[in-house]
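Everything on this sheet refers to the single structure shown next.
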Amino acid sequence: MPEEGPIRIVSNRLPVVLKRRRQRWEVEPGAGGLVQALRPILRDRGGAWIGWPGVTAETGDGWRPGLRSVSHSEGYELVPVVLDDSDVEGFYEGFANSIVWPLFHGFPDRCSFDASFFASYGRVNQKFTHAIADSHSDPGLLWIHDYHLFEVARRLRELGHQGPLAFFLHIPFPSVENFAKLPWRESLLKDLLHFDLIGFQTRRDLRHFQQCLSLVGVHPDLPDSPAMQRFRDGDRSLWAGAFPIGMDFRDFAARSLSSDVSTRVHQLRHDLGSGKLLLGIDRLDYTKGLIHRLKAYEQALTVHPALREEVVYFQLVVPSRENVPEYRALKREFDRVVGRINGRFSTPRWRPIHYLYNRVDPVELSALYRLADVALVTPLRDGMNLVAKEYCASQTDDAGALILSEFAGAAEQLQDGALLVNPYDIHDTARAIYQALTMPPDERRRRMRLMRTTLAESDVFWWASSFLETALMPSASLVTQQTLPPPGADKPGHPA
Ligand code: GDG
């Protein structure tokens with residue numbers, strides 16, 4: 001673990017859940033993998049988590065006492081950045097979700113390059129900057145997360161901030177062909193140069209970032225290294241590296257064997273029948289390749305009639321961005337294609353697709369992971385994709401198979417064990433579905449063991465501590481480290 005001292009985490013959302021029940025606000029700590037990884041570090045070292053609490057100024061601030069009490073029980077400060085309704089529209093739904101999200105996932109035609117969104121993004125980044133500057137005078141590490149906060153380092157430097165600034169991007173970094181379409185491309189790149197360390201999910205993202213920096217005349221100044229690079233801009237230097245995020249492997253493995261989950265597995269087995277189970281779990285999003293996946297399953301049932309009545313595809317779709325017309329249209333399209341396939345193949349005793357449009361609790365999630373013979377993780381593009389990793393962690397008997405898109409960040413680490421597919425190629429994905437369903441048990445075990453070994457060694461705690469170690473290392477030591485394996489490169493399954 002790196003040198004002790006408080007750190008401050010900054011992310012768009014605070015790791016809390018605010019619920020209003022009968023005129024009263026209830027505030028609970030969040031439960032995601034990122035929170036689990038960072039909570040022990042913040043508790044040990046002290047510090048703060050700065051972010052938007054998820055409600056707007058127009059809702060009032062009756063939630064503040066609840067937030068203070070969670071801060072107290074967690075042992076670190078939770079600092080709210082209050083946004084108003086117009087911020088949410090221009091910054092969050094506008095610049096973040098209608099420009100950066102589609103562009104960085106490779107869908108430039110879905111972008112609305114509206115200058116008012118960019119202006120709103122600047123105003124909100126300024127609000128975050130002031131909240132950070134007011135939160136503490138300690139020059140300890142600030143670790144900023146994700147694409148909502150690209151401008152914060154530059155704005156903090158303008159206020160005279162001297163301390164270390166690190167950034168982690170959870171989504172992909174786009175190719176130069178896509179990035180160059182952004183009207184504000186130079187300013188975004190120059191803003192990023194104010195960080196000391198930027199972490200990406202994969203080496204491919206790092207390579208894309210390097211190619212994009214050449215748009216502003218900045219090049220790596222050390223011999224090429226696929227997982228870590230240094231860029232100089234005047235007297236500043238920026239390190240950038242690939243740090244693939246993990247999940248809490250042991251927690252998923254233990255939960256999968258718990259009695260609650262075992263009970264639920266038996267019930268689900270009874271409800272879904274004895275056939276093989278294909279599983280998809282995705283937020284409703286066009287990046288997830290849901291329609292392509294349905295068509296691939298349809299193709300597999302068409303080409304291999306023996307699969308009919310022998311396999312069930314269970315798809316959990318988690319509602320998302322329901323007020324955006326594009327997402328509502330995707331839901332309608334998904335419903336239509338599911339209806340068509342079920343109408344085409346169903347028999348009195350069999351329905352090929354079971355589909356749930358909802359969130360499920362952690363026990364149900366683990367039961368699905370454990371029960372599934374094959375997980376279908378076929379996004380058109382994804383930063384990492386933790387569902388693929390959680391599925392493998394939950395396969396404690398090494399029996400399952402993973403079909404994984406080559407465009408998910410997870411493919412860099414899991415390529416030796418997963419069946420990699422190009423999700424745009426319906427025939428290739430259909431072939432992989434058949435291969436996974438008919439794979440000999442020995443081969444399934446061999447592949448799953450490879451993936452589980454990799455994931456156990458590069459879990460979310462490894463990810464957080466290797467990133468922080470790098471962020472807190474003096475620059476000179478990092479130069480020396482160039483000759484050593486870069487972070488994660490010595491982990492099995494982490495390709496060169
Ligand atoms: C960003 C990047 C990157 C899903 N349904 C339910 C549920 N989930 C949980 C899963 C998993 C998470 O949501 C989804 O995983 P992602 O990897 O897609 O994470 P995001 O935060 O959405 O996305 C992504 C990630 O950041 C981390 O860097 O991998 O590429 O887009 O943990 O378990 N959880 C529960 N009920 C559900 O119905 N409880």
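Indexing begins at 1, ligand by ligand and atom by atom, following the structure's order.
- Under a cut-off of 6.0 angstrom, the local environment of CD in E89 is sparse, with at most 12 non-hydrogen atoms contributed by other residues, nucleotides or ligands.
- Results of the side chain to side chain contact (heavy atoms under 4.5 Å, CB included) test with M451 over D398, D416, L404, L402 single out L402 as the only residue that passes.
- Summarising the contacts of atom 14 (C) of ligand 1 with T287, D248, V387, I281, the nearest heavy atom is found in V387.
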**Request:** Go through the steps to decide whether R264 and D260 satisfy the test salt bridge (charged side-chain N to carboxylate O under 4.0 Å, His left out), and finish with yes or no.
**Result:** CA-CA 6 Å; R264 192 58 197 135; D260 285 358; over 6 Å; no
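- Looking at L365 against ligand 1, only its side chain comes within 4.0 Å, counting heavy atoms.
- Note: no N/O pair closer than 3.5 Å links N358 and ligand 1 by distance alone.
- Proximity to Q201 (heavy-atom distance under 4.0 Å) selects the following atoms of ligand 1: 3 (C), 28 (O).
- Polar contact with ligand 1: present for M384 (N/O pair, distance under 3.5 Å).
- When each atom of ligand 1 is checked for a heavy atom of L316 under 4.0 Å away, the hits are 38 (O).
- Below 30°, between 30° and 60°, or above 60°: for F200 and F173 the angle between ring planes is above 60°, a perpendicular geometry.
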**Request:** Starting from the C-alpha separation in whole Å, work towards a yes-or-no answer on ring-ring contact (aromatic ring centres under 6.0 Å, His included) for Y286 and Y327.
**Result:** CA-CA 8 Å; Y286 51 84; Y327 284 71; 5.8 Å; yes
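- Atoms of ligand 1 found under 4.0 Å from any heavy atom of I245 (numbered from 1 in listed order, with element): 27 (C), 28 (O).
- With E364, H105, R359 as candidates, the residue nearest to atom 7 (C) of ligand 1 on a non-hydrogen basis is R359.
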**Request:** Would you sort out whether K295 and Y297 count as a side-chain contact (heavy atoms from CB on, under 4.5 Å), showing the intermediate values?
**Result:** CA-CA 5 Å; K295 290 183 178 166; Y297 179 56; over 6 Å; no
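- We find that E322 and R328 are not joined by a salt bridge, their nearest charged nitrogen and carboxylate oxygen being 4.0 Å or further apart.
- When heavy-atom distances to ligand 1 are checked against a 4.0 Å cut-off, L386 comes that close through both its backbone and its side chain.
- The distance from ligand 1 to the heavy atoms of G383 drops below 4.0 Å at these ligand atoms: 30 (O).
- Less than 4.0 angstrom separates some heavy atom of K288 from each of these atoms of ligand 1: 18 (O).
- Checked against the 6.0 Å centroid threshold, W184 and F150 do not count as a close aromatic pair.
- For ligand 1, the polar-atom distance check finds an N/O of H170 within less than 3.5 Å of one of the ligand's N/O atoms.
- Side-chain atoms of D425 never come within 3.5 Å of backbone atoms of A430 as a donor-acceptor pair (strictly under, hydrogens ignored).
- At a 4.0 Å heavy-atom cut-off, ligand 1 touches E390 through the side chain alone.
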